[in-house]
Number of protein chains: 2
Amino acid sequence: MSYPLRVTLRADSARVRARTLAAARARMAAGDLELPMNAIAKEAGVGVGTVYRHFPNRRALLEGLATESFTELVREARAAAENPDIATGLADLLRAALRRQLTDASLAAVLSEPGFECLDTQELSKELGAAALQVLDRAREAGVVRRDVTPDDFRRLTCGIQHAARGGGDPGAAADRYLDIVLKGLRP
Amino acid sequence: MSYPLRVTLRADSARVRARTLAAARARMAAGDLELPMNAIAKEAGVGVGTVYRHFPNRRALLEGLATESFTELVREARAAAENPDIATGLADLLRAALRRQLTDASLAAVLSEPGFECLDTQELSKELGAAALQVLDRAREAGVVRRDVTPDDFRRLTCGIQHAARGGGDPGAAADRYLDIVLKGLRP
DNA sequence: ACCTGAACACCGTTCAAGT
DNA sequence: ACCTGAACACCGTTCAAGT
């Protein structure tokens with residue numbers, strides 16, 4: 001069994017990583033979802049090879065970008081699982097997942113197709129799944145949700161609503177309505 | 001007002017078009033959704049420039065690929081609008097849209113973001129919208145659907161379910177369940 | 001008229017050479 | 001150890017030259 005021993009990066013290495021992520025984020029904010037490695041390296045003032053050292057492929061870079069939102073989402077999911085009114089907790093969980101995906105396209109991309117590149121992301125995914133399962137168990141017991149639904153259905157359904165919401169005008173308003181429809185459909 | 005007068009292509013031109021579409025379809029069937037123009041031209045035994053003459057960009061090629069399925073879908077939508085039991089008609093409409101998108105990735109892509117490149121596609125889209133509106137009007141009158149839903153919501157929701165269904169194992173089974181959830185949620 | 005494919009710009013990815 | 005960027009392969013797109 002061997003685990004990576006070094007948890008903190010060397011200062012310059014950490015700086016490179018941060019600058020790469022910043023450049024990538026700037027591009028995404030400007031509406032470019034392609035994340036071209038060469039262009040990002042140039043904008044970050046870093047050699048391409050160094051970008052590849054930190055992020056072996058575009059998927060890894062995407063996960064690096066999504067980590068922050070993903071962490072927040074896990075926190076929200078846990079809070080939802082604690083809600084004394086679990087029907088509300090369930091609605092909160094799905095709403096949070098949807099909102100985070102709409103504000104962060106990288107998170108939407110990462111959740112849309114699992115198959116994780118980074119251990120961090122895999123870990124976050126497990127934690128999200130665990131929180132979702134708690135919500136689901138309590139909701140089932142309270143009889144407020146269909147019995148055939150799984151935590152993975154939650155992931156897929158929120159990704160689906162996100163996709164539907166982005167596929168036309170006023171994504172925010174559409175997302176609210178579609179979430180409403182799905183929540184109602186999820187009742188037993 | 002000027003309309004294109006030539007409806008039938010010159011024989012060789014039609015052959016080029018057909019070969020291009022065949023090559024593109026072969027690629028998509030092999031799981032490549034990128035549709036690289038150069039590679040397709042080579043595989044079709046045609047100059048790249050000729051491909052561009054027929055399909056000025058990838059979106060146009062995508063629409064060319066989707067036309068057949070789209071036409072079938074319009075037919076199915078019209079049949080759904082005629083169903084004496086309009087609740088069933090509505091379910092049939094959404095099921096057909098979903099099924100076609102799952103069997104034809106190009107149709108899923110075309111419907112997912114409108115902004116049509118070809119007149120044919122624009123026409124098909126209008127016809128689909130008209131049929132959906134008929135279904136919706138009848139369903140509303142019969143009181144079997146939420147009043148705030150539009151034909152465009154149907155498009156977006158089916159695209160969303162398709163996306164959710166593809167985002168994990170057994171897309172077919174997932175699609176059925178998700179459609180079930182959404183149909184229930186659409187009731188008033 | 002329509003077709004061809006060389007040519008140019010750009011991106012992904014690797015790896016020998018530097019520090 | 002880590003970083004750099006030239007180098008190679010590949011793709012999108014155009015356009016001068018062919019038929």
Side-chain angles (χ1 to χ4, degrees), chain A residues 2-28 30-65 105-106 109-110 113 115 117-118, chain B residues 2-28 30-65 106 109 113 115 117-118:
Chain A
S2 78
Y3 292 108
L5 294 177
R6 183 193 289 282
V7 170
T8 33
L9 258 43
R10 256 177 42 177
D12 59 338
S13 188
R15 197 163 47 241
V16 160
R17 200 189 136 88
R19 293 180 64 163
T20 303
L21 284 174
R25 227 183 291 274
R27 282 210 153 237
M28 287 205 80
D32 183 3
L33 301 183
E34 304 269 298
L35 298 187
M37 301 293 246
N38 279 285
I40 287 169
K42 183 150 286 179
E43 281 155 27
V46 159
V48 222
T50 316
V51 171
Y52 274 91
R53 165 174 289 272
H54 284 272
F55 305 102
N57 48 51
R58 206 144 61 275
R59 169 77 193 199
L61 179 53
L62 215 50
E63 292 183 16
L65 286 173
S106 67
V110 167
E113 43 177 312
E117 196 68 25
C118 316
Chain B
S2 79
Y3 293 108
L5 294 177
R6 183 193 291 279
V7 170
T8 31
L9 259 42
R10 257 177 43 178
D12 59 341
S13 189
R15 194 163 48 238
V16 161
R17 201 189 136 88
R19 292 180 64 164
T20 303
L21 284 174
R25 226 183 292 274
R27 281 211 154 236
M28 288 206 78
D32 182 4
L33 300 182
E34 305 269 297
L35 297 186
M37 300 295 244
N38 279 286
I40 288 169
K42 183 150 288 180
E43 281 156 26
V46 159
V48 221
T50 316
V51 170
Y52 274 90
R53 166 174 289 273
H54 284 273
F55 306 102
N57 46 52
R58 207 143 63 274
R59 170 77 194 197
L61 178 54
L62 215 50
E63 293 184 15
L65 285 173
S106 67
E113 46 177 310
E117 195 68 26
C118 314

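Numbered from 1 within each chain, the chains take letters A, B, ... in sequence-line order. The figures that follow rest on heavy atoms only: side chains count, while hydrogens, waters and symmetry mates do not.
Here the side chains of Ser106(A) and Arg25(A) are not in contact, with every heavy-atom distance at 4.5 Å or above. At least one side-chain heavy atom of Met37(B) sits under 4.5 Å from a side-chain heavy atom of Leu61(B). Within the 4.5 Å cutoff, the side chain of Phe55(B) has heavy atoms near those of the Arg17(B) side chain. Annotation: side chain of Lys42(A) is not in contact with side chain of Val48(A) (no heavy-atom distance under 4.5 Å). By the 4.5 Å heavy-atom criterion applied to side chains, Thr50(A) and His54(A) are counted as neighbours. In this structure, Arg53(A) and Ser13(A) have side chains that are not in contact, with every pair of non-hydrogen atoms separated by 4.5 Å or more.
Side-chain proximity of Val48(A) to the nucleotides dG12(D), dC11(C), dT13(C) is greatest for dT13(C). For Met37(A), the listed nucleotide lying nearest its side chain is dG12(C); candidates were dC3(C), dC3(D), dG12(C). Distances from the side chain of Pro36(A) to the nucleotides dC11(C), dT13(D), dC3(D) place dC11(C) closest. Across dC3(C), dC3(D), dT14(C), the shortest atom-to-atom separation from the side chain of Tyr52(A) is found for dT14(C). Taking every side-chain heavy atom of Arg58(B) into account, dG12(D) is the closest of dC3(C), dG12(D), dG12(C).
Close to dT4(D), at under 4.0 Å from its OP1 or OP2, lies a side-chain N or O of Thr50(A).
Distance, Arg17(B) CZ to dA1(C) C1': 18 Å, rounded to whole Å. Leu35(A) has its CG atom 12 Å from the P atom of dT13(C), to the nearest Å. Distance His54(B) NE2 to dT13(D) C1': 17 Å, rounded to the nearest Å. Counting to the nearest Å, the C1' atom of dA1(D) and the CZ atom of Arg53(A) are 7 Å from each other. When rounded to the nearest whole Å, the span between CZ of Arg15(A) and C1' of dC3(D) equals 12 Å. At whole-Å resolution of the value, CZ in Arg59(B) and P in dG12(D) are 17 Å apart. Going from atom CG of Asn38(A) over to atom P of dA6(D) covers 11 Å, rounded to whole Å. Here the P atom of nucleotide dG12(C) and the CZ atom of Phe55(A) are 15 Å apart, to the nearest Å.
In this structure, Ile40(B) reaches neither bases nor backbone, as no heavy-atom distance under 4.0 Å exists between it and the strands shown.
Each of Gly49(A) and Glu34(B) was assigned the nucleotide of DNA chain D with the nearest heavy atom; the assignment lying further toward the 5' end belongs to Gly49(A).
Take Ala105(A) and apply the side-chain contact (heavy atoms from CB on, under 4.5 Å) test, not counting sequence neighbours, and it matches Met28(A), Leu33(A), Arg166(A).
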Strand DNA chain D in bracket notation, Watson-Crick/G-U under 3.5 Å with | for pairs to another chain: ||.|||||...|||||.||
